[in-house]
Number of protein chains: 2
Amino acid sequence: MLVMIMVTNRRFPEMGSGGADGRRGIERMTAQRRAILEELMGVDTHPSALELYEMVRQRLPRISLGTVYRNLEIMSEEGLALKLEHAGAECRYDGNVSPHCHVRCLGCGRISDVPLALPEGLAVEAEKASGYRIAGHRIEFDGWCGKCRRKRRKARRGE
Amino acid sequence: MLVMIMVTNRRFPEMGSGGADGRRGIERMTAQRRAILEELMGVDTHPSALELYEMVRQRLPRISLGTVYRNLEIMSEEGLALKLEHAGAECRYDGNVSPHCHVRCLGCGRISDVPLALPEGLAVEAEKASGYRIAGHRIEFDGWCGKCRRKRRKARRGE
DNA sequence: GTAGCTGCAAAGACTTTGCCCGGGG
DNA sequence: CCCCGGGCAAAGTCTTTGCAGCTAC
C-alpha cells in the first residue's frame, strides 16, 4: 500500500502544536517527516526505528537516524503512531492507532496484530483493585508464528 | 518479609539444569545467588536490576552488577522470577510468579500488582485470529497512583 | 579436582541530545 | 526573516560478554 500524506494548510487536523500538557507539536511538514509517516502508514510490519530509517533512506538518502527517532517520538505523542515499548527489545512502531493488540513471536521477534480488545469492565475492575486511575492498557501475547513452529519441530526431531 | 532460601541438596526442585531447549540451569547455590533470590522474593516493589543490585549490596558489598543481571536472567528462564519487560523503561523483576498483571504509574513509574487474569477464552481467540501458537500473555495498565494524582491536581490548580 | 560462577571492565545495542545551520511558512 | 527541525556526532542508559581467578560440590 502506498500512503500519501497530503498537507492541506499549516498542519494536520490531529496535530496540535502541543496541548496544555506541554507536549511538542508538529509545526512544519518537512520532506523527512512526510516520508517517515508515509512509510510507517504503508506497512503492517511494526518496524523498529532502524528499519524505518532504512526504508526512508531509499527516498531520502541523507536523512539521519536521529531525525527518525525524533519524529517517531513526536508522532507517538501526537497519537499518529503507536510506540510499542517492550523493554528488553528495541521499540517498534505501528501506524495503525486503532485499538488492537499484538502477538510477538518468541522465535523471530516478529510482531503481528491481533484484532481483540480488552473486555470492557476489566479496566474498571483494575481501577478498583489497584487504586490507580487507569488511563490505558496493553495486551501482549507471546507465541510461535507458523514459520518458527515448523523450524522448532524440525529441530526437535533432529536432536 | 524476610525470605530465606533453603538449599536441600544439589538444587531447587524447580531448577533443572537446562531443559531440552538448551537453557542454562542453576547448578550451584552461591551466596550471591541466594541473596538475589531472597531480596527479590522479599519485596513486592518490582525492582530493576540496579535497585536489586543496591539491595543485595547491603549484604554482599562486593557483588557486581553483571552477576545480578546474569542471575536474574537465569531465574526468569527457570520460572523463579518474572522479567517485566514493560514499556519503555528498564526491565523490572517480580518474585511473584503467580498469574497477575501490572499497572504502571504514568507519574512516578512505580509498578503495582493487579490481581486480575486474562478472561479465559481470549487466548484461544487470539490464537485463532493470529495463527500463532500462543504461549503466554501480558496485560499492562497505565494509570496514575494516588500520590501522583494528588500532585497533578495541585499542579493544575497552581498553573 | 573441575566446571560453574564471580568480579571487573569493556563492549554492545538502542536512544537521546547539543550544536549549528538550512529552509518552511 | 524567524525559529523549527535536520544532520552529525557524542553522550547516555541499560544490558551483555570475555576473561582470569575462585569455590561449591
Side-chain angles (χ1 to χ4, degrees), chain A residues 5 7-12 15-18 23-37 46-54 56-57 59-78 81 83-93 109, chain B residues 5-12 15-18 23-37 46-54 56-57 59-78 83-93 109:
Chain A
I5 304 291
V7 181
T8 51
N9 196 335
R10 277 190 68 94
R11 63 184 56 143
F12 282 49
M15 296 176 190
S17 62
R23 294 177 310 174
R24 281 173 289 187
I26 292 187
E27 297 288 338
R28 295 179 188 174
M29 183 50 54
T30 61
Q32 293 87 336
R33 189 158 283 172
R34 176 183 291 111
I36 294 169
L37 264 171
H46 312 85
S48 65
L50 197 63
E51 286 164 357
L52 213 35
Y53 169 61
E54 295 298 347
V56 174
R57 216 138 66 105
R59 298 165 55 175
L60 299 173
R62 294 188 44 79
I63 195 173
S64 76
L65 183 55
T67 295
V68 174
Y69 272 110
R70 243 182 317 239
N71 277 292
L72 286 173
E73 191 57 32
I74 294 174
M75 286 174 203
S76 71
E77 285 173 10
E78 293 293 319
K83 186 177 183 181
L84 307 179
E85 320 188 69
H86 185 87
E90 73 279 29
C91 290
R92 297 187 159 275
Y93 297 87
Chain B
I5 303 292
M6 308 291 286
V7 182
T8 51
N9 195 335
R10 277 190 68 93
R11 64 185 53 143
F12 282 49
M15 298 176 187
S17 63
R23 294 178 307 174
R24 281 174 289 187
I26 292 187
E27 296 289 338
R28 294 181 189 173
M29 182 50 55
T30 61
Q32 292 88 337
R33 188 158 286 168
R34 175 183 294 113
I36 295 169
L37 265 170
H46 313 87
S48 65
L50 197 63
E51 287 164 357
L52 213 33
Y53 169 61
E54 296 297 349
V56 174
R57 219 137 66 107
R59 298 166 55 175
L60 298 173
R62 294 189 45 79
I63 196 172
S64 76
L65 183 55
T67 296
V68 174
Y69 271 111
R70 248 182 314 237
N71 276 293
L72 286 172
E73 191 58 31
I74 294 175
M75 287 174 203
S76 72
E77 285 173 8
E78 294 294 319
K83 185 177 182 180
L84 306 180
E85 319 195 64
H86 184 117
E90 71 281 26
C91 291
R92 297 184 160 274
Y93 297 86

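First the proteins, then the strands, lettered A, B, ... as listed; each starts at 1.
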Verify the contact: side-chain N or O of B:Gln32 to OP1 or OP2 of C:dG7, cut-off strictly under 4.0 Å; return yes or no. yes
Does this structure show an ion pair linking A:Lys83 with A:Glu73, if we count only N-O contacts that are shorter than 4.0 Å?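 Salt bridge between A:Lys83 and A:Glu73, a charged N being under 4.0 Å from a carboxylate O: yes.
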Taking all atoms of both residues into account, what is the closest heavy-atom pair of [X] and [Y], and its distance?
| X | Y | answer |
| --- | --- | --- |
| B:Ala35 | B:Val56 | CB-CG1, 3.8 Å |
| B:Leu52 | B:Pro47 | CD1-CG, 3.9 Å |
| B:Arg92 | B:Glu51 | NH1-OE1, 3.1 Å |
| B:Ser48 | B:Tyr93 | C-CD1, 4.4 Å |

Nearest-Å distance for atom pair [atom1]/[atom2], residues [X] and [N]:
| X | N | atom1 | atom2 | value |
| --- | --- | --- | --- | --- |
| B:Glu77 | D:dT16 | CD | C1' | 13 Å |
| A:Leu37 | D:dG6 | CG | P | 11 Å |
| A:Arg33 | D:dC4 | CZ | C1' | 8 Å |
| B:Glu51 | D:dC14 | CD | P | 10 Å |
| A:Arg34 | D:dC4 | CZ | P | 20 Å |
| B:Leu72 | D:dT17 | CG | P | 15 Å |
| A:Tyr53 | D:dA9 | OH | P | 11 Å |

B/S/- contact track for nucleotides 11-24 of chain C, protein heavy atom under 4.0 Å: ---SBB-B----BB
Using the C1' atoms of five pairs at each end, what's the angle between the two axes of the helix from C:dG1-D:dC25 to C:dG25-D:dC1, to 10 degrees?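 End-to-end axis angle for the helix from C:dG1-D:dC25 to C:dG25-D:dC1: 40°, rounded to 10°.
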With sequence neighbours left out, the residues meeting side chain to side chain donor-acceptor pair (under 3.5 Å) with B:Thr67 are B:Ser64
Check whether any side-chain heavy atom of B:Gln32 lies under 4.5 Å from a side-chain heavy atom of B:Leu60, and answer yes or no.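 Heavy-atom side-chain distance check passes, below 4.5 Å.
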Kindly determine whether A:Leu37 and A:Arg34 satisfy side-chain contact (heavy atoms from CB on, under 4.5 Å), including the steps that lead there. CA-CA 5 Å; A:Leu37 264 171; A:Arg34 176 183 291 111; 5.8 Å; no
Intermediate values then yes/no, side-chain contact (heavy atoms from CB on, under 4.5 Å), B:Tyr53 and B:Ile63: CA-CA 8 Å; B:Tyr53 169 61; B:Ile63 196 172; 4.1 Å; yes
